[in-house]
There are 2 protein chains.
Amino acid sequence: MRAAEPSDLLTDSIRASGLKVTVPRLAVLRALDQAPHSTAERLFTAVRAELPGTSLQAVYGVLAAFTGAGIARKIEPAGSPALFERRVGDNHHHIVCTRCSAVHDVDCAVGEAPCLRPADASGFAVHTAEVTYWGLCPGCQAAMASSSSPLSALIPPTNKGAR
Amino acid sequence: MRAAEPSDLLTDSIRASGLKVTVPRLAVLRALDQAPHSTAERLFTAVRAELPGTSLQAVYGVLAAFTGAGIARKIEPAGSPALFERRVGDNHHHIVCTRCSAVHDVDCAVGEAPCLRPADASGFAVHTAEVTYWGLCPGCQAAMASSSSPLSALIPPTNKGAR
DNA sequence: CACCGTGTTTTGATTGATTCAAAACAACTG
DNA sequence: CAGTTGTTTTGAATCAATCAAAACACGGTG
């Protein structure tokens, strides 16, 4: 009797989504599991460590296949390259640190999309509501308190832009 | 007795924010007023019509000055280049059409930032909550109903990515 | 277990959006 | 109205992502 190896879970996840199981896909999925909210570039670096021949384009291709198949999700916070995460199927949101760009998951209060309804949607048929919280992570709160850090660290990209 | 000309309002708005009043800035602000939720490129085209010598970089520079001074806001919906709007100071949100990318304002239910609080912020100090609604604008609802349009038009960029 | 077809990955190049830097120029101050 | 500061132009570079064709690998079939 053989115990299920960790990689089998990843393999199953890919196969269950209807995609072919390939070595680069397993590597990207493992990297995504170990470092959620990663950029394609970051995943590329991680994958390269164990699979040196892998190209950046392959990572983009794998991620496109994953998001298309529904086993990964792409998020695009303002001022950041796209980030990817395995957690899908629930309608959770994200909180981003305005100082260090750390990202954490935030559960949706309601649990189903759309978890919010606009007061006046001007005739739009709303399907999903995406929420991004901006603030300071615990580490950066401490750093701001002790040293005199620039207040610009408190401003989300939505309001930045000064030269 | 001379009536206040429209351009005076724009001039005042720029001067009141502490910025120098220049011809390109007036042109960009007027374009922004006439076409909210415009990209830098779009504003550049509009500005060029009345001020042919203007460069794209000037528009980027003006927009950076405006957002830095707080008289314009930059929004970055997933899958779209940055959009700009004059409406600032209130914490309103946006609804984006997943089919034609039309953008409309949506008033914030509460009126002050943050208009939402995450259930568990994992120790983050939340300053603002940004909400993007995704759905179909009235025109695209009609188009989807009459013709057999691809269902992919219903999927926000957050979940797209299939090749 | 070798072969075949479809789909994936590599290789190489290109695009789109934005930013950087230095020189020419224009707005407000005194 | 001259000087100083800040803005715009000009020209180039960067970053993120995408496109296309050829080489290759997965997984089904004989």
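- C:dT8 atom P lies 6 Å from atom NZ of A:Lys20, rounded to whole Å.
- Within the nucleic acid shown, A:Ala40 has no heavy atom closer than 4.0 Å to any nucleic acid atom.
- Sequence order on DNA chain C of the closest nucleotides to B:Pro81 and B:Val21 puts B:Pro81 first from the 5' end.
- Distances shorter than 4.0 Å separate none of the side-chain N or O atoms of B:Thr39 from OP1 or OP2 on C:dA17.
- Under the 4.5 Å side-chain criterion, counting only non-hydrogen atoms from C-beta, B:Arg86 is not in contact with B:Phe66.
- Counting to the nearest Å, the P atom of D:dA21 and the CD atom of A:Gln57 are 16 Å from each other.
- Open room surrounds CZ on A:Arg42; 12 or fewer heavy atoms of other groups in view lie less than 6.0 Å from it.
- Here CZ of A:Arg25 is found 14.0 Å from CG of A:Leu32. Values are rounded to the nearest 0.5 Å.
- In this entry the distance linking OH of A:Tyr60 with P of D:dC15 reads 12 Å, nearest Å.
- Atom CG of B:Leu63 is separated from atom P of C:dA17 by 15 Å (rounded to the nearest Å).
- At the phosphate of C:dT9, OP1 or OP2 sits under 4.0 Å from a side-chain N or O atom of A:Arg25.
- Atom CG of A:Leu26 is separated from atom C1' of D:dA25 by 13 Å (rounded to the nearest Å).
- Phosphate contact (OP1/OP2 of C:dC28, side-chain N/O of B:Arg15, threshold under 4.0 Å): present.
- The CD atom of B:Glu41 sits 9 Å away from the C1' atom of C:dG16 (whole-angstrom rounding).
- Distances shown here put every side-chain N or O of A:Thr22 at or beyond 4.0 Å from the OP1 or OP2 atom of C:dG7.
- Counting only heavy atoms from C-beta outward, the side chains of B:Leu83 and B:Thr39 approach each other to under 4.5 Å.
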